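Structure record follows, encoded as structure tokens.
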Amino acid sequence: MSTISKLKNIQDVDPITDNLEGWKVTEGSPIMKTWILHTNNDETMISGYWEATPGTYHATYKEYEFVHLLEGHIIICLLYTSPSPRDRG
């Protein structure tokens, strides 16, 4: 059975202001904020917003991640692949 969940209002959630686990700064002094707006019942999936000031991170993930870029640009480098630049949209 499918479930539709309404996300919390971002203005009602305090952001996480520490670098996320597995994220290491490699260039500049970026500062990130993460708003977690929904966690499913078994805590295997979260949804929310993430923002960062200019800089470069190296992030290591064990989980699947889906990204929809609202503003700015990102370069995603999967293991053993060439960089894949992305802009918003």
Side-chain angles (χ1 to χ4, degrees):
M1 175 182 273
S2 297
T3 302
I4 297 175
S5 299
K6 183 177 179 180
L7 298 179
K8 297 175 188 173
N9 185 328
I10 193 171
Q11 296 166 338
D12 296 334
V13 177
D14 291 327
I16 298 167
T17 55
D18 295 328
N19 287 339
L20 299 176
E21 183 179 339
W23 287 67
K24 298 196 182 333
V25 175
T26 59
E27 186 176 313
S29 300
I31 298 170
M32 71 168 60
K33 291 183 184 177
T34 307
W35 292 264
I36 297 175
L37 303 181
H38 178 75
T39 303
N40 69 342
N41 290 337
D42 65 3
E43 299 183 351
T44 59
M45 187 179 301
I46 63 171
S47 182
Y49 290 93
W50 176 85
E51 73 176 31
T53 58
T56 303
Y57 288 97
H58 178 268
T60 303
Y61 275 99
K62 296 177 186 171
E63 300 86 13
Y64 171 81
E65 181 172 34
F66 170 83
V67 175
H68 186 97
L69 193 61
L70 301 175
E71 184 177 324
H73 67 274
I74 188 171
I75 298 174
I76 299 172
C77 301
L78 301 175
L79 192 60
Y80 307 118
T81 66
S82 298
S84 180
R86 299 286 184 235
D87 290 317
R88 68 178 178 86

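Everything numeric in this text was worked out from a predicted model, so none of it was measured.
Checked against side-chain contact (heavy atoms from CB on, under 4.5 Å), Leu7 has the following partners two or more places apart in sequence or in another chain: Leu37, His38, Ser47.
In this structure, CE in Met32 is found 4.0 Å from OH in Tyr57, a value given to the nearest 0.5 Å. Note that the CE atom of Met45 and the CZ atom of Phe66 stand 11.0 Å from one another [nearest 0.5 Å]. In this structure, NZ on Lys33 lies 11.0 Å from CG on Asp14, to the nearest 0.5 angstrom. Between the CD1 atom in Ile10 and the CH2 atom in Trp35 there is a gap of 5.0 Å [rounded to 0.5 Å].
Among the candidates Asn41, Asp42, Ile36, the single residue satisfying the side chain to side chain contact (heavy atoms under 4.5 Å, CB included) test with Thr39 is Ile36.
No path of Ile, Leu, Val, Met, Phe, Trp and Tyr side chains, each step under 4.5 Å between heavy atoms, connects Leu70 with Ile31, placing them in separate hydrophobic clusters.
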For residues 23-30, run the donor-acceptor check on the side chains, cut-off 3.5 Å, and write out each pair with its distance to 0.1 Å, sequence neighbours left out.
unit_1, atom_1, unit_2, atom_2, d
Trp23, NE1, Tyr61, OH, 3.1
Thr26, OG1, Thr56, O, 3.3

side-chain contact (heavy atoms from CB on, under 4.5 Å) assessment of Val67 paired with Trp50: CA-CA 10 Å; Val67 175; Trp50 176 85; over 6 Å; no
